[in-house]
Amino acid sequence: MFRYTIFRVLAAFPTLLLVTILVFLFIRLVPGDPAAVLVGDIQNIGRLEEIRARLGLDRSVPEQFVIWLGNILQGDFGVSILNGAPVLDTILSRFAVTAQVIFVAVTVSTLIAIPAGMIAAWKQNRWADNLIVVTTIAAMSVPSFWIGLTLILIFGIELGWLPSVGYVSPLEDFSRGVMYLIMPVTALVMGEIGGVLRMARASTIEVMRREYITHARSKGLSEGVVLARHAFPNAFAPTLTILGMIIGSLLGGAAVIETVFTLPGLGRLTIDAISSRDYPMVQGILLVVAVIYVVVNLITDLLYPIFDPRVKL
Amino acid sequence: MRFPLPRFNVLIGALLIGLTVIAALVGLFAPPANPIAIDYTAFLAPPSPAHPFGTDDFGRDVLSRVLVGAAYSLVSAFGTVAVALLMGGTLGAIAGFFGGWVDRVIGILTDTLMAFPGLLLALALISIIGAGILPMIVTLGVSFSTIYIRVVRSLVLSLREREFVEASRAMGNSETFTIFRHILPNCISSIMVLATSTLAFAVLAESALSFLGLGVQAPNPSWGGMLADGRGLMGQAPWLVIFPGFAIFLALLGINLMGDALRDWLDPWMEGEA
Amino acid sequence: MNCSICDISDISICFGKAGVPVVDRANLQIAPGEFHAIVGESGSGKTMLARSILGLLPAGGRITGGKILFDGQDLTGLTSAAMRKVRGKKIGMIFQDPLTSLNPALRIGTQMGEALRLHSGMTREEARNHAWKLLDRVGIPDARRALDRYPHEFSGGMRQRIMIASTLLPRPQLLIADEPTTALDTIVQANVMEVLKETTAEFGISVLFISHDLGLVAHRADRVTVMDHGKIIEQGGYEDVLFAPEHDKTKALLAAIPQGQAKPEDSTQRDTLLEVRDAVVEFRGRRSLLWRKPAATRALDSVSLNLKRGETLAIIGASGSGKTTLGRAILGLTPLDSGTIRLNGVNISDLPRAEHRKRTRNLQIVFQDPVSALDPRMRVLDLVMESLRHNPELSRKVKETRTTEALRDCGLDDDLHQRLPHQLSGGQRQRVAIARALVARPEVIVLDEPVSALDVTVQEQVLRLLERLKKDHELSYIFISHDIGVVEDIADRVLIMVGGKIVEQGSAEKVFNTPRHDFTRKLISVLPELREVDGRFQLIYRDAGVARSG
Amino acid sequence: MKHLPIVAALFGALAAPTFADTPRMGGTAKVALGADILGTQPGVVRESGTDTVLHHIFEGLVAYDATLEVQPMLAESWEISDDGKTYTFTLRDDVTFHNGQPLTSADVKWSWERWLDAELGWGCTHWYDGSEALKIEAIETPDDTTVVFRLNIPSGLFLAQMSNFQCLPAIAHPDSVDADGNWVAPIGTGPFTLGEWEKGVSVTLNKNPDYAPASGEKSGYAGQRIAYLDSVEFMVVPEPATAMAGLRAGDLHLMVNIGPLEETELGRAANVEVLTGPGLEWSTLLVNVHDPVMKDLDMRLAVAHAIDFEALAKATTRGAVGYNPASYSGQSVYHTDVQKTGYTRDLDKAAELLERAGYDGTPLKIQTSKRYGNMFQNAVIIQSMLAEAGIEAELEVLEWPAHLDNYFQGKFQLSSFGYSARTDPVMNYWSVVGPHEESPAYQWNNEDAYGMTFEAAAETDPAKRQEIFDKIHTMMIEEAPTLNLYDEVNAAAINTALNNYEIWPGGKPRLWGVWLEE
């Protein structure tokens with residue numbers, strides 16, 4: 001297992017390198033450079049060159065890349081062009097916010113989706129199955145920002161139970177912090193639950209056809225025990241990969257949800273950084289997101305043998 | 001009461017998708033009004049005989065914009081799935097069939113695409129190809145292709161062991177012939193199931209991009225764009241949000257129902273039980 | 001019989017709404033301690049009847065009539081809760097494929113203890129003790145540690161023993177065994193049958209044994225029931241059914257048991273068609289560390305053979321003996337690490353694909369599993385015609401006529417030619433595979449276990465077809481199999497393979513009658529043979545003398 | 001400086017305070033900001049939200065009042081020498097910094113020299129370093145309460161520039177920086193001090209207990225700045241729809257920069273009130289005179305005659321403002337009948353001009369972006385108007401940085417753009433007129449006009465300045481290098497719990513002199 005982890009970490013480096021190169025090129029390909037954003041239209045137009053020099057943007061792109069990569073390898077992620085804040089600290093604090101929301105949302109959607117998926121499979125084509133399938137499809141058919149805004153209209157304004165703007169970290173003030181998380185998590189769960197549930201239902205249907213399920217039944221076990229003890233581990237393995245992919249992509253920040261619910265997450269930071277052409281910040285974020293993605297994948301693969309012992313690492 | 005979900009769902013799914021396609025055709029060829037014609041006098045007019053779905057903040061007819069929007073949203077969604085299918089399918093098949101270092105290289109490419117934000121890709125492409133529906137399709141297509149690579153690769157890996165593939169090789173067929181003649185046709189059924197679900201995600205992704213200000217280029221309407229633009233006016237002009245929102249909901253419901261039913265229907269058959 | 005513990009009367013089972021009954025008014029009694037076998041071909045309803053006892057019919061199946069009395073209770077009327085009391089406690093069941101009937105994700109100990117603790121309320125520790133003792137009894141090495149291991153860490157035979165132990169743990173009164181040994185090699189099959197017979201006898205458990213292989217059941221069953229298309233066509237003690245069958249279907253089943261004489265040494269001079277010299281194929285294990293060369297195991301260890309024109313060379317070995325690798329290596333599907341293969345004198349082992357294709361047009365292969373050997377998406381005609389794809393000189397018209405001829409030659413009439421594989425029976429599909437090899441007018445066909453996935457009677461028809469085609473088209477066969485019975489009357493010469501090496505070879509008659517290598521000897525001794533001696537059937541073991549006789 | 005008349009008629013009473021009841025101390029007002037502030041050092045990294053916040057912490061020597069006239073702030077009074085080159089300011093003696101230190105002329109000198117240091121990169125050094133003729137030769141401090149500025153030439157703009165709110169020459173205490181000159185903490189003299197700044201979430205300002213307000217009624221950024229509130233929390237709310245919901249839910253008290261559509265949307269809610277007033281920002285349609293098609297005067301005039309400017313203004317601002325052909329705000333005293341002459345729509349003339357220009361029907365490209373709502377709406381309406389006049393036009397919707405970058409590099413054919421607020425016509429013209437070689441961002445490459453702007457800058461007599469502005473305007477209308485559209489509307493929405501909040505042409509929200517109900 002340990003050897004496998006080392007192998008995977010080594011194998012991740014080419015991916016990380018490729019991501020950084022692509023990001024470095026793409027952000028410079030996009031028109032508009034940071035100097036223009038900084039100068040804005042009020043100040044002396046002549047200062048563009050001066051600012052470009054100060055930011056080192058006048059050097060050739062490969063040169064800039066080498067310098068930047070050199071700094072990264074020494075752990076120096078550089079400073080934001082926009083507000084001078086250290087890139088790494090900003091990313092990590094914003095990632096903490098995104099991570100909180102994502103993990104709560106994924107846990108909730110898994111705790112709902114897996115049992116619901118298995119029940120839907122168990123009662124295939126009966127009313128319970130139809131009800132579950134149709135409601136998840138309905139939830140999946142609505143854009144997430146629409147869900148968000150409607151939640152705010154109902155719980156923020158009409159009922160006034162939940163704060164519609166602002167953010168308090170649950171780590172600092174748990175009770176108030178939770179209030180700020182309820183709506184974003186609900187919106188995310190409604191968006192993501194469909195994928196997980198469908199996978200759980202499909203793999204459970206497939207597993208229930210296996211011989212060892214009939215064997216379990218022939219031992220006199222109740223349907224519930226057959227589902228929980230025999231069907232669940234085998235059905236959960238494929239669902240785990242889907243979960244890994246969802247967590248991987250969401251950890252890059254759910255930009256839409258963060259914008260609607262004023263959460264200072266990684267998704268919004270990415271958009272602000274890209275739209276203000278904050279090169280060091282964009283490059284820093286995407287490198288960290290790539291690392292997160294690789295780590296999540298590794299963890300999913302390490303968890304896999306727990307549910308499917310045939311897989312040897 | 002046993003209730004044959006697959007057949008019932010296919011019915012509703014087909015109905016809804018049919019409705020959307022008809023709307024798109026009407027929108028393209030015979031819209032009730034010119035979707036981009038501005039009428040200063042009719043700002044945010046509520047639904048009326050002249051404008052059954054009311055008008056937007058430029059006085060444009062919402063009904064024709066929803067109809068034309070159907071065309072744009074469907075084209076961008078189907079375009080996205082086509083790109084994802086072509087790119088992901090072929091790469092997945094190659095990775096699955098040849099294995100070895102080819103598989104590793106494609107694996108690295110997939111991880112990179114997964115970690116890469118669609119937003120930055122969209123911006124870069126817009127600057128290269130110019131604004132419009134094409135960069136949207138390519139961006140979403142590329143980011144969705146990663147799912148196709150994964151699925152097709154595992155499908156090909158399992159099919160490669162099947163004896164009819166070895167029989168094809170025994171007859172002296174080349175590797176590429178075997179892939180396209182024997183392996184890919186047998187992936188079609190599960191790829192179709194995957195396509196329907198990514199179709200739904202494509203429409204949602206397009207609306208998210210519009211929300212972030214990067215959608216289909218104005219003034220051409222897309223559902224996601226209309227929904228995003230109307231979000232601030234839910235109070236005074238709810239019709240700006242209700243009609244496109246309903247259109248997206250019904251279309252996606254149709255696509256998802258069809259996808260679900262397709263999988264249940266295809267599933268038993270795919271195992272080739274006699 | 002009055003004191004039967006299980007009395008099935010007039011049971012009918014249907015699928016779907018107005019479907020034809022899968023089981024039609026079946027009657028069957030099982031006495032305490034009796035070993036009762038139900039024999040029939042696939043689709044005869046034997047499995048459905050057995051499974052209906054425990055109410056484990058697949059989705060859509062329903063008991064539409066009759067009663068199942070067990071220990072005084074009518075099982076058909078039980079509520080699911082009451083039925084769960086019977087399952088496992090009073091009636092246990094073991095299944096066909098050891099690979100899929102044990103839960104891959106749970107340890108052996110958990111799966112075994114489950115039923116026992118449910119019905120007896122024992123503590124975990126007590127249950128574990130009982131479990132490993134029984135495992136030891138059925139012959140599992142290091143039984144105590146085995147409890148903590150997973151099913152995939154055991155061989156097929158071992159897994160079947162584990163299943164028997166796990167089902168017997170709660171001491172049921174009746175054990176239903178649904179073709180428990182079909183998926184196993186012949187030797188392993190025999191061992192498992194012995195374990196089953198001894199343990200059920202020791203614990204006084206009556207057995208309902210389902211099988212399609214009369215030979216396997218013949219010398220072990222007390223009473224036999226024969227089923228065909230849902231009806232019981234014959235029932236009685238083993239002597240009446242086996243040695244004095246009335247119904248001709250039973251006779252057909254008996255006739256399918258190999259009777260023929262092994263062919264003597266063939267002295268006619270024939271030229272050598274195919275020559276394999278010191279063939280070696282190595283399989284690299286997973287690369288343990290990046291730099292160290294992984295340990296290589298030899299699937300083929302310098303194997304040499306030659307095939308004469310018009311000869312049927314049988315290659316027999318247990319699974320994993322390398323016989324399939326040899327077959328595939330000859331076709332060039334698996335590259336050789338060293339050694340050469342000559343066809344009509346030409347070395348074909350390391351030719352580039354285009355050249356290899358031209359040279360090996362007269363060399364074809366037929367695979368074992370008809371389900372996986374045909375592309376599910378192609379019609380029969382296209383499937384067979386594809387093998388003429390590399391004959392540009394033939395026009396499409398010629399190809400079509402040749403294909404139709406080959407299909408008819410293999411006994412497939414024209415209305416089947418446009419069908420998809422899943423619309424054909426197992427036998428028909430294998431005939432299509434043979435036609436696909438035949439149409440290319442080969443000289444040599446490698447048959448990789450062509451009949452082992454088929455029913456006994458269908459097996460017989462396909463073997464006769466192969467023999468006729470060999471005569472009509474002067475073909476030579478390399479016939480790979482693990483089942484010595486099938487090969488006995490078709491093979492001219494026989495090769496026995498163990499661990500990638502040829503351990504014995506010679507004419508069929510010499511190898512079968514005077515086996516030298518102990519693997520061959522065990523292989524032959526295990527197989528009973530039903531011989532008709534002066535009008536009476538006798539069940540004879542090759543060297544152990546008469547097992548049972550009428 | 002003559003007193004600017006207030007064109008009250010246009011907006012009814014100039015946004016009279018909502019309830020005249022007695023002010024209540026305490027509470028925290030919550031204000032929505034589109035994006036997080038960029039820093040706490042005034043004028044270095046510029047963005048409107050950051051300017052708004054820092055104007056509560058720092059003050060300048062002088063400040064604009066609601067009529068855009070320069071009033072005393074930290075300086076009690078000032079005298080200008082006869083030759084107009086020496087400005088002597090007398091400081092108030094009752095002002096203390098947030099760290100308790102009293103205000104002295106040395107602090108003023110320290111602050112000014114820091115902003116003028118080219119290395120720092122302060123936003124508007126070019127106004128005072130001679131690159132636009134005016135240069136501060138020296139800053140002297142004869143005694144603790146007197147500061148003397150010596151200029152190289154007389155300037156009608158110097159006081160206007162000193163009270164400008166984009167580049168506020170804030171008076172900070174030297175303790176704001178550490179040993180080697182890095183900005184550490186904002187120590188100003190304003191009514192609020194910097195409280196907690198949670199990056200990406202909110203920045204809170206707390207009431208400065210020992211603040212000494214200036215004399216005179218509150219007007220614009222001048223007059224007394226009394227902080228009734230305990231604290232003000234500026235919350236980062238990027239999504240307008242969420243901000244509107246927050247306002248109606250009472251989680252927010254103030255939201256600025258709202259467009260006409262948000263106005264009507266919020267107007268419907270009982271507990272929300274919308275205040276509007278004239279603004280100093282103005283919308284334009286930039287015409288690239290170096291573009292092969294648009295360099296032909298006939299073509300530019302054809303476009304000018306194809307657009308119905310009055311209808312365009314009324315459409316986007318829902319009737320609030322009309323067409324303003326001039327490059328500076330209709331509020332300005334220099335905006336007379338001459339500046340009202342522009343283009344009137346004449347489709348036949350347009351067709352004739354197109355004929356003469358040899359327009360071959362290839363579609364013109366209008367660049368725009370969505371960050372500032374009106375730019376996008378102008379573009380869409382102009383496109384359909386041009387279509388009516390037979391001119392095909394395509395919209396190129398870019399991201400704001402790309403749109404802005406194209407403005408700087410002159411990479412556009414037509415661009416629906418807008419300028420931020422300037423308080424004196426010369427500053428407006430300096431953004432439009434200028435030598436193209438110096439920067440492609442200048443829209444009008446005309447030496448005479450450029451020379452005249454410097455004359456107006458130096459001239460202190462209003463009548464003479466008016467003549468110059470009239471000449472410049474008439475030339476601009478003839479050459480049509482750029483097409484001005486209308487003055488943008490300042491609009492803000494408040495939750496009714498917030499009392500005595502007022503709108504002023506400067507547009508910047510002020511959270512002093514307001515209080516919370518309950």
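Closest of all the heavy-atom pairs between Val256(A) and Ala208(B) is CG2-CB, 3.8 Å. Considering every non-hydrogen atom in both Val142(A) and Phe249(B), the closest pair reads CG2-CD1, 3.9 Å. Nearest heavy atom pair, residue Met140(A) against residue Leu204(B), reads O-CD1, 3.2 Å.
Arg150(B) contributes atom CZ, which lies 9.0 Å from atom OG1 of Thr241(A) (distance to the nearest 0.5 angstrom). Once rounded to the nearest 0.5 Å, the distance linking CG of Leu227(B) with CZ of Phe145(A) reads 4.0 Å. Atom-to-atom distance recorded for Leu257(B):CG and Ser141(A):OG is 7.5 Å, nearest 0.5 angstrom. To the nearest 0.5 angstrom, Ile137(A) atom CD1 is 11.5 Å from Ile255(B) atom CD1. Taking CD1 from Ile152(A) and CE from Met234(B), the interatomic distance works out to 9.5 Å, rounded to the nearest 0.5 Å.
Looking at Pro143(A) and Trp223(B), their side chains never come closer than 4.5 Å, going by heavy atoms from C-beta outward. By the 4.5 Å heavy-atom criterion applied to side chains, Asp111(B) and Asn297(A) are counted as neighbours. Contact check for Arg198(A) versus Asn256(B): side-chain heavy atoms found under the 4.5 Å cut-off. Phe211(B) is listed as a side-chain neighbour of Val260(A), based on a closest heavy-atom distance under 4.5 Å.
Val23(A) touches chain B through backbone and side chain together, each having a heavy atom under 4.5 Å away. With a threshold of 4.5 angstrom between heavy atoms, Phe26(A) approaches chain B through its backbone and through its side chain. For chain B, the nearby parts of Leu22(A) are the backbone and the side chain; heavy atoms of each come within less than 4.5 Å.
For the side-chain contact (heavy atoms from CB on, under 4.5 Å) test with Thr112(B), the passing option among Thr20(A), Ile21(A), Leu18(A) is Leu18(A); the others fail.
Here Ile246(A) pairs with Glu192(A), Val196(A), Ile242(A), Leu250(A) under the side-chain contact (heavy atoms from CB on, under 4.5 Å) rule; sequence neighbours left out.
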